[in-house]
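Within every chain, numbering begins at 1; the chains are lettered A, B, ... in the order of the sequence lines, protein sequences first and strands thereafter.
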Amino acid sequence: MLRRTFLTLAGATGLMLAASAGALAQEAIRIGLILPMTGPFASTGRQIEAATRLYMQQNGDTVGGRKVEIVLRDDTGVADVTRRLAQELIVNQKVTVLAGFGLTPLALATAPLSTQAKTPQVVMAAATSIITEQSPFIVRTSFTAPQVTVPLAEWAAKQGMKKAMTLVSDYGPGHDTERAFTETFSKAGGQVDNLRVPLANPDFAPFLQRVADAKPDALMVFVPSGVGSQFMKQYVERGLDKSGIRLLAEGSVTDDDILNGMGDVALGAITAHHYSAAHDSPENKTFVDAFQKANKGMRPNFMAMGGYDGMHLIYEGLKKTNAQGGEALVNAMKGLSWTSPRGPMSIDPQTRDVVQTVYIRKVERVNGELYNVEFASVPNVKDPVKAAKSGSN
Amino acid sequence: MIRTSQEAAARLTRRGRWSLPEVVFWAAAAASVVLLPDRYLLLNEIVVIGLFALSLDLILGYAGIVSLGHAAFFGLGAYVAGLLAKHGVADPFLGLGLAAALAAALGLATSFFVLRGTDLTKLMVTLGFALVLAEIANQAAWLTGGADGLQGVVMGPVLGFFEFDIFGRTAYVYSLAVTFALFVVARRIVVSPFGLSLKAIRDNPLRARAVGIPVNRRLVAVYTLSAAYAGVAGALLAQTTQFVSLDVLAFHRSADVLLVLVIGGVGYLYGGLVGAVLFKVLQDNLAAITPQYWHFWIGVLLVILVLVGRDRVAAAPQAVWGRLTGRRSAAPLRLDPKPVEDA
């Protein structure tokens, strides 16, 4: 009995190794979707996958006469796995496009492969500015951290705030956000103090005490989205919400996916981002309704939006090239513009990065649920880091 | 007196002889280069994890040192090799050598802390060292690239001839060759008197001390050796993927490698390699079938494996082997005749 079990197991293992290699030689266009589907960033993967499925459901699975197939792989959020999966998708599955990429290192690890294999890489989530510079085949449909932080700093300065503090998680994207806010706010005549908290299991108490002592006009926060609710709780527990200090945050902190679970502590927080599920447009209403219907009421967040627009970009690009991939596809994607559920957006032909409206929002209760309600907007925002570089050249 | 020492020498020689299953194992590994050209990348990852698990087996299986921070050496090796290649020293073997040397140095330096105290203390201290190293790598973003990962690692050709290709062929053959060479060395070491003394220490440190084995010196030596092996494994990963990110130092690396070793079995050197094959092949196929829920199935299989008992599962192919060769019971694959319970 045991022997048979083992033999079956061993045989099956061998077969699986061999089988997953060959076959699959039809003329479908394959999109290699690499996402963190498990691990701490699983929600990113879940949102993006749901959005790409929704897009295909709404727009059919044929483009330019060819069938479109998604090959989904889980990289668990580990960069060398992402790279291996990307390589396998290119070599074995002959994918036309790579898409997904939940975190910056995951996108960066794959960048040299895209260049080498001339395979377009659509970044649907990762948000560090430098990503699109790593390969001429990278196109992005999410956002960059400075892109949303600069408008927030400008808005704060315009409100007459003079003294601000930043509190960011101590890692790459946190530093980017801190720099973007500090530079913009100082240029507008303000004064900024910087605080950095450890990335893993942070205790905000001592930092919040320093904020309470310094009494700035505003506190600008960026922490990874899961940590956001923890921060909000401690912020309110220490009574800072009643101290007259305005709470500003990068939009991921009040992510639509978790905002409702944060409870009243999040009320009144002012954030800047490119997408809110409460965005008031007919396109967005249709999108949110369809998304929630297909996913048992799960609310789409900015990750889902990146995935949805990523699929749109791939479809439109393929239409233009008559289902050709490679360099032609990247060129077809450059300069495309459309009205997305997030609002008007386009792909910058120079940088291949996303150009979009950035909204200033406030957390409010709408129909019993918490939403980021937009009250101001800045249209056509490019990634300020790259804009500054090309400006100085 | 003379007779006993001669007997001991004879026993050691006998034990050092390569058995047929071992030859078959390595022949199969060599055959995979020809037979599975589409799976080089996965195979490469398997080999790297296998070598990493082998390094852990050296201390866990042979010296009884438990560790939850072995990723510290793995990560150090990866960063050393990555940084070297990034700054122009593109020769892979040079990278391996330096990674091994620095990882060994770190192993030597930390061994004195690790060897104090009980198993629980060891777990905590090793875990602590790995965490400290991970935070240093995160803070030294100017050197390591921080959370974004190390960009711009460009490897030169192996031995000046074989360029790393996109299909991963060179990478796999290179990793396999290095792993095999290191395996042969490790095998030689564990069947030597030195290896025997380690097992004596593992089984009963007090008695080992009483018969005159310098316990601490031996443990320091094997810990350092194991660190060097882990460093090489990390360097192989960095060189073949040409990318290093912070998670080479992450806790899950240390945990995964322990898992791999538990699947494959400790204390006979092949455990890490066999475990790595099983773990990665299962993970890859399950994750391709169900990207969201593969963790669940891995968990189920692990529970079954532990409940049924690995020794009984492993006995099956040995019995088959015995039937094929016409013998009642074949010589076991173990280099150590005494079965070792899981840590």
Does any backbone or side-chain atom of B:L150 lie under 4.5 Å from a heavy atom of chain A? Answer side chain, backbone, both or neither. neither
Measure A:R83 against the heavy atoms of chain B and call it side chain, backbone, both or neither at under 4.5 Å. side chain
Geometric class of the B:F52/B:H70 ring pair [parallel <30°, tilted 30-60°, perpendicular >60°]: parallel
Of the backbone (N, CA, C, O) and the side chain (C-beta and beyond), which part of B:T241 lies under 4.5 Å from a heavy atom of chain A, both, or neither? both
B:D284/A:R84 salt bridge by N-O under 4.0 Å criterion: yes
With a 4.5 angstrom heavy-atom cut-off, could you sort out which part of A:L103 is near chain B: side chain, backbone, both or neither? neither
Among A:E49, A:Q87, A:M37, residue most engaged with chain B (heavy-atom pairs, under 4.5 Å): A:Q87
Using the salt bridge (Lys or Arg N to Asp or Glu O under 4.0 Å) rule, collect all pairs that involve residues 230-250 of chain B, keeping only residues at least two apart or in two chains. B:D247-B:R253
Residues which pass ring pair (Phe, Tyr, Trp, His ring centres under 6.0 Å) with A:F207, listed by chain and number, not counting sequence neighbours: none
For B:Q242, which atoms come within 4.5 Å of any heavy atom of chain A: side chain, backbone, both, or neither? both
Under 3.5 Å side-chain donor-acceptor pair for B:S32 and B:Y172: yes
What do the steps show when you test A:D170 against B:Q139 for side-chain hydrogen bond (donor to acceptor under 3.5 Å, both in side chains), and what is the final call? CA-CA 8 Å; A:D170 199 352; B:Q139 292 302 320; 3.0 Å; yes
Let me know if B:A141 has heavy atoms under 4.5 Å from chain A in its side chain, its backbone, both or neither. neither
